[in-house]
Amino acid sequence: MHYINNLIKNNFLKIKYPVIQVPMAGGIISPKFVSNVCNNGLLGFIPGGYLNIQSLKEFIVTTKSLLRSNALFGVNIFIDKEQRNIDQVFKKSLDVIKIEHLLNINFCDHFTVHSTAKEDECIDLLIQQAVPIASCTFGFFNKYSVEKLKSNNIKIIGNATTLEEFKFCLEHGADAVVVQGTEAGGHQASFLEDTKNIKSTLITLEEIRKIYPHVVIIASGGISTKNMTNYFNSGANYVQLGTAFMMTYESSATDVTKKYIMKNQHTVLTDIITGKWARGIENSLTQHLQNNTYDFPIRHYETAPLRAKAKGNSNPEYLSLWAGCNPDNLEMMSLEQLLDNIKSVFGFRKL
Ligand SMILES: Cc1cc2nc3c(=O)[nH]c(=O)nc-3n(C[C@H](O)[C@H](O)[C@H](O)COP(=O)(O)O)c2cc1C
């Protein structure tokens, strides 16, 4: 309990409970969801990944309109090395075509990679909207972005899977860094080397904490209300949860998806769906996709139409079912129940 007391005294993020709801790109959470988390004294993150600038702006404006006056929130941006201003068309791979035939999808031998918000556009938007916290995944903000964010008093959070990435984030201006272990649901945040991360959250956290005793660390991956205190005791200032929030009734993941996840539970690490290592529930999609022609995010767009079709047909076998491997997080419950469980770890304190 040593660290829990300590971090409540030095509350870097000025939130009541040192727990963060991860950003979840791909339409999993809504402005109402994020604002509800923030209004309960946790930090909720808006997922900027895959969004164009207009959609991101709408998400931020709506979230803000639902926030209590002093509630904090953050916005997460994907760092895409090849920024695309316009939509681009690519030729489809054979393994995807085969599955599309199987699912009776209208055959088409090409697919479109959509333009997404550029880093400098996002930074200007964050400043214009007075966003208090900015985080980035799959890389780190460039020096112009960092200068602009810092001169507007916006806190910067990096995402790291290794000591080297942690160092990189700090040296380039991060105020705090997320340390993500292999248990994490969804994509691995790796950006210096795209190798599969198989190191646990706790081991990576302890290794980094020894070297950096004073940096604000957010632990991520496999954390539940049952094991949360272990991470604080091993040096985390904050913890963040993804899968547990995704499994709540209020998330936009479909009921069919959540029930399939709850029943099947077995997760795998795969780079075959999006071109980047990610953890999700094993299903026909993880088993039948074969050759990875394209890197992230192009492969994401290549497999997106067949996943959308599977969603339309309520067929979880061909969905990407991103989820972490801690079974305690694979239960369905209301968001209110999850928030109560989190608060009870710290002793219920009324807001
Ligand atoms: C459905 C889903 C979507 C995610 N999307 C994002 C994202 O947009 N940005 C990001 O930085 N991390 C994303 N993550 C990864 C989380 O940041 C985090 O590392 C992970 O959820 C923590 O592990 P847990 O799921 O075991 O709690 C996502 C995770 C899930 C489950």
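Counting convention: from 1, in listed order, for ligands and their atoms alike. Quick caveat, the model's predicted, so the values are computed rather than measured.
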Can you tell me the protein heavy atom closest to [atom] and the distance?
atom                    : answer
atom 26 (O) of ligand 1 : G222 N, 2.9 Å
atom 22 (C) of ligand 1 : S220 OG, 3.3 Å
atom 20 (C) of ligand 1 : G185 O, 3.5 Å
atom 27 (O) of ligand 1 : G242 N, 2.8 Å
atom 2 (C) of ligand 1  : M24 CG, 3.6 Å
atom 9 (N) of ligand 1  : N76 OD1, 3.0 Å
atom 14 (N) of ligand 1 : P23 O, 3.9 Å
atom 25 (O) of ligand 1 : T243 OG1, 2.5 Å

Should F90 and Y301 be marked as a ring pair (Phe, Tyr, Trp, His ring centres under 6.0 Å) after you check the CA-CA gap, both sets of side-chain angles, and the distance that decides it?
CA-CA 10 Å; F90 291 83; Y301 289 98; 9.3 Å; no

Could a heavy atom of [X] be found less than 4.0 Å from some atom of ligand 1?
X    : value
R279 : no
L241 : yes
F78  : yes

Could you pull out all residues at least two apart from F78 that satisfy ring pair (Phe, Tyr, Trp, His ring centres under 6.0 Å)?
Y50, F138

Please walk me through it: do F45 and F245 pass ring pair (Phe, Tyr, Trp, His ring centres under 6.0 Å)?
CA-CA 12 Å; F45 261 96; F245 281 103; over 10 Å; no

Which atoms from ligand 1 have a heavy atom of [X] less than 4.0 Å away?
X    : result
V22  : 16 (C), 17 (O), 18 (C), 21 (O)
A25  : 5 (N), 7 (C), 8 (O)
Q180 : 19 (O)
T137 : 10 (C), 11 (O)
Q240 : 17 (O)

Linking Ile, Leu, Val, Met, Phe, Trp and Tyr through side-chain heavy atoms less than 4.5 Å apart, which residues share a cluster with L285?
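Cluster partners of L285: V96, I99, L102, L103, I105, I272, I273, L289, L306, Y318, W322.
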
Against T243, only a single residue in N326, T267, I261, L330 fulfils side chain to side chain contact (heavy atoms under 4.5 Å, CB included); can you say which?
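Looking at N326, T267, I261, L330, the match for T243 under the side chain to side chain contact (heavy atoms under 4.5 Å, CB included) is L330.
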
Which one of F138, W322, F245 has a non-hydrogen atom at the shortest distance from atom 1 (C) of ligand 1?
W322

Decide yes or no on salt bridge (charged side-chain N to carboxylate O under 4.0 Å, His left out) for E206 and R209, but give the supporting numbers first.
CA-CA 5 Å; E206 284 169 352; R209 178 50 88 204; over 6 Å; no

Salt-bridge test for R299 and D95: reply yes if a basic N is under 4.0 Å from a carboxylate O, no otherwise.
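Yes, charged N to carboxylate O under 4.0 Å.
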
Please verify the inter-ring angle class for F232 with F346; under 30° counts as parallel, over 60° as perpendicular, anything in between as tilted.
perpendicular

Hey, can you tell me if F296 and H300 have their rings parallel, tilted or perpendicular (30° and 60° cut-offs)?
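Tilted: the ring planes of F296 and H300 meet at 30° to 60°.
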
So K92 and E302, do their side chains get closer than 4.5 Å, heavy atoms only?
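Side chain of E302 against side chain of K92, heavy atoms only: contact under 4.5 Å found.
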
With no hydrogens and no angle check, just 3.5 Å: does a side-chain donor-acceptor pair link S220 and Q180?
no

